[in-house]
Colleague: 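I have a structure here, written as structure tokens, and I will follow up with some questions on it.
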Amino acid sequence: MRIATWNVNSLKARLPRVEEWLGYARPDVLCLQETKLSDAAFPHMAFAAQGYESVHHGDRQWNGVAILSRVGISDPVAGFVSSLEPDADTRLISAWCGGVHVSSVYVPNGRSVDSDHYEYKLAWMAKLRQHVDSLGKPGDPVAVGGDFNIAPADTDVWDPAHFVGSTHVSEPERRALAELEDWGLVDAFRGRYPDEDGLYSYWDYRAGDFHEHRGMRIDLILMTASLASRVRWALVDRNARKGKLPSDHAPVFVDLDP
DNA sequence: ATGGTAGAGCATCTA
């Protein structure tokens, strides 16, 4: 089973690239972020033509998350579980896909560590922890894929010195991520490459960052141990960051043995 | 490398 995540930075602008990628990568499940589409505008039919069912939780202009699956989708839930205060933004959708409970998340960016948006980011992560807690037990097959806007470790950024004092690498953000891991979620991609650096998933459009290898690994696929123990392979598809009209993120996927 | 680019929508805001 191949589970993937991709921040597409506007699905309207990126649909041809996503269709192309589905055609050759053929993930079983794909979590999308930043669709920037209303639910009415989501291209379900285009994905159905490639064999994918889809669910979407979107906004007219910003954010927007979706799950595509060719192994079935059932019981979709938009946003946090009903016991939690609803989020004003469309940053989370969950569904059962082929026996796995999948969530697609778009964690707030945070902007700067002294901003209200940073506090919102930390509060959002705390709520995601509660959300995951209410989904089930760490022994259940749970996968959370998405743009976490957090680099788990210094090896996940091109130059740690450049990011001192910035969001994405701060101790509170990393602690929030570690609390998800404490519950029982494993960074499946890092598990496959414990010692390699330079494995980025995002490169700023500006200043030639992609070609200069100035990136960050902020797109993660977290899994409970029962799934993570089945990881056969994992990859960032950098080719999808090249060429005509790319997103600023590359798709990340993990392959699980049966 | 406090600039730079891309996408939203039409003046700026967000990343």
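Throughout, a chain's letter reflects where its sequence line sits, starting with A, and its residues are numbered from 1. Since this is a predicted model, take the numbers as computed values, not measurements.
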Colleague: Determine the interatomic distance between C1' on B/dG7 and the same-named atom on B/dA11; round to the nearest Å.
Modeller: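 That atom pair is separated by 15 Å.
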Colleague: All N/O contacts under 3.5 Å from nucleotides 3-6 of chain B to the protein, with atom names and distances to one decimal?
Modeller:
unit_1, atom_1, unit_2, atom_2, d
B/dG4, N1, A/R206, NH1, 3.3

Colleague: Could you measure between the two P atoms, the one in B/dC13 and the one in B/dG9, and give it in whole Å?
Modeller: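 So the two P atoms sit 16 Å from each other.
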Colleague: Can you check the A/D209 CG to B/dT2 P distance for me, whole Å?
Modeller: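 So the CG-P distance, A/D209 to B/dT2, works out to 12 Å.
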Colleague: Mark yes when over 12 heavy atoms from residues, nucleotides or ligands other than A/D159 sit less than 6.0 Å from its CG; otherwise mark no.
Modeller: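 For A/D159, atom CG is crowded (more than 12 foreign heavy atoms under 6.0 Å).
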Colleague: I'd like to know if A/R190 and A/D156 make a salt bridge, using a cut-off of under 4.0 Å between side-chain N and carboxylate O.
Modeller: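 Yes, A/R190 and A/D156 are salt-bridged.
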Colleague: Provide, to the nearest angstrom, the distance between the CZ atom belonging to A/F163 and the C1' atom belonging to B/dT2.
Modeller: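 About 15 Å, once rounded to whole Å.
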Colleague: Please state how far atom NZ in A/K36 lies from atom P in B/dC13, giving the value in whole angstrom units.
Modeller: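 In whole Å, B/dC13 P lies 15 Å from A/K36 NZ.
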Colleague: On DNA chain B, compare the nucleotides closest to A/N149 and A/L11; which residue's is nearer the 5' end?
Modeller: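 By nearest-heavy-atom nucleotide position, the 5'-most residue is A/L11.
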Colleague: Say we look at B/dG3 and B/dA15: how far apart would their C1' atoms be, to the nearest angstrom?
Modeller: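 One C1' to the other, the span is 15 Å.
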Colleague: Expressed in angstrom and rounded to an integer, what is the separation of A/L32 atom CG from B/dG7 atom C1'?
Modeller: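 The distance from CG of A/L32 to C1' of B/dG7 comes to 17 Å, rounded to the nearest Å.
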Colleague: Can you tell me how far P of B/dG7 sits from CG of A/L37, to the nearest Å?
Modeller: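 It is 14 Å, rounded to the nearest whole Å.
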Colleague: Just how far, in rounded Å, is P of B/dA15 from CD1 of A/I218?
Modeller: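 In whole Å, B/dA15 P and A/I218 CD1 are 12 Å from each other.
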Colleague: Any chain of hydrophobic side-chain contacts (each under 4.5 Å) joining A/I221 to A/L199?
Modeller: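 Yes, one cluster joins them.
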Colleague: Centres of the A/W124 and A/F80 rings: under 6.0 Å?
Modeller: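 Centroid separation for A/W124 and A/F80: below 6.0 Å.
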Colleague: Does any non-hydrogen side-chain atom of A/L245 lie less than 4.5 Å from one of A/R14?
Modeller: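 A side-chain contact exists here, since the closest heavy-atom pair is under 4.5 Å.
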Colleague: Please state whether the rings of A/F42 and A/F47 are parallel, tilted or perpendicular, taking 30° and 60° as the class boundaries.
Modeller: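 Because their plane-to-plane angle lies in the 30° to 60° range, the rings of A/F42 and A/F47 count as tilted.
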Colleague: Salt bridge or not between A/R217 and A/D187? Use side-chain N to carboxylate O under 4.0 Å.
Modeller: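 Salt bridge between A/R217 and A/D187, a charged N being under 4.0 Å from a carboxylate O: yes.
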Colleague: In terms of the angle between their ring planes, are A/W21 and A/Y24 parallel, tilted or perpendicular, with boundaries placed at 30° and 60°?
Modeller: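 Perpendicular: the ring planes of A/W21 and A/Y24 meet at over 60°.
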Colleague: Taking the basic N atoms (NZ, or NE/NH1/NH2) and the acidic carboxylate oxygens, is any pair closer than 4.0 Å for A/R2 and A/D28?
Modeller: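 Judged by the 4.0 Å cut-off on N to carboxylate O distance, A/R2 and A/D28 do not form a salt bridge.
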Colleague: Short of 4.0 Å, heavy atom to strand atom, which residues of residues 104-127 of chain A count as contacting DNA chain B?
Modeller: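 Hits under 4.0 Å, by residue number: A/Y106, A/N109, A/R111.
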